[in-house]
Amino acid sequence: MSWWGWLAISFGALICSWAALVVLAAGLPEGTLKELAGFLPACVTTVRVLRKDPRVPTRAKLAIGIAGLWVLSPIDLIPEFLPIIGPLDDVIVVALAFRYAAKQVPRLVLLDAWPANPATIERLLGPARP
């Protein structure tokens, strides 16, 4: 098979995966897509706010700073153009960094820095510590 054939097959697979995403997205509850679309920009905003907050220890600032750079970096473990799994590495790195920071700073500091729906960061951080 020529490289034109492989290119056509690859392009067809990409179009089919996008179509599958559209069909699957239609079945999501109201607001979920909007929440997911705003997740990474909200993470970058939160990193910017926490970086300047004096209540956040240096180690936590370093962890969330690395997570922010990871999100903004054009180099990824999983390329962004891959449907569904493209931003997955970004989300995992941010989740781990925020959970680490949540162990070192008051939960209210993280919640105040989060510009989006507070339920999203609550789910990301898990149950509050006693």
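- Put simply, CH2 on W3 and OG on S10 are 11.5 Å apart, with the number rounded to the nearest 0.5 Å.
- Heavy atoms only, all atoms of each residue included: A97 and A63 are closest at CB-O, 3.6 Å.
- Residues L111 and V109 are members of one and the same hydrophobic cluster, defined by side-chain heavy-atom contacts under 4.5 angstrom among Ile, Leu, Val, Met, Phe, Trp and Tyr.
- For residues 54-65, the pairs satisfying side-chain hydrogen bond (donor to acceptor under 3.5 Å, both in side chains) are D53-R55, with sequence neighbours left out.
- The stretch residues 101-122 participates, sequence neighbours left out, in these ring-ring contact (aromatic ring centres under 6.0 Å, His included) pairs: F39-W114.
- Atom CG of L125 is separated from atom CZ of R107 by 5.0 Å, given to the nearest 0.5 angstrom.
- L96 CG to Y100 OH: the interatomic distance, rounded to the nearest 0.5 Å, is 12.5 Å.
- Residues C43 and V94 approach most closely at SG-CG1, 3.2 Å, considering heavy atoms.
- In terms of hydrophobic clustering, with Ile, Leu, Val, Met, Phe, Trp and Tyr side chains grouped at heavy-atom distances under 4.5 Å, I121 and V44 are assigned to a common cluster.
- Through direct or indirect side-chain contacts shorter than 4.5 Å among Ile, Leu, Val, Met, Phe, Trp and Tyr, L62 is connected to I66.
- Shown here for P115 and A42, the closest heavy-atom pair between the two residues is CD-O, 3.7 Å.
- Of the residues L110, D112, V105, T45, the one that meets the side-chain contact (heavy atoms from CB on, under 4.5 Å) test with L50 is L110.
- Distance check, rounded to the nearest 0.5 Å: OG1 of T46 to CD1 of I64 gives 8.5 Å.
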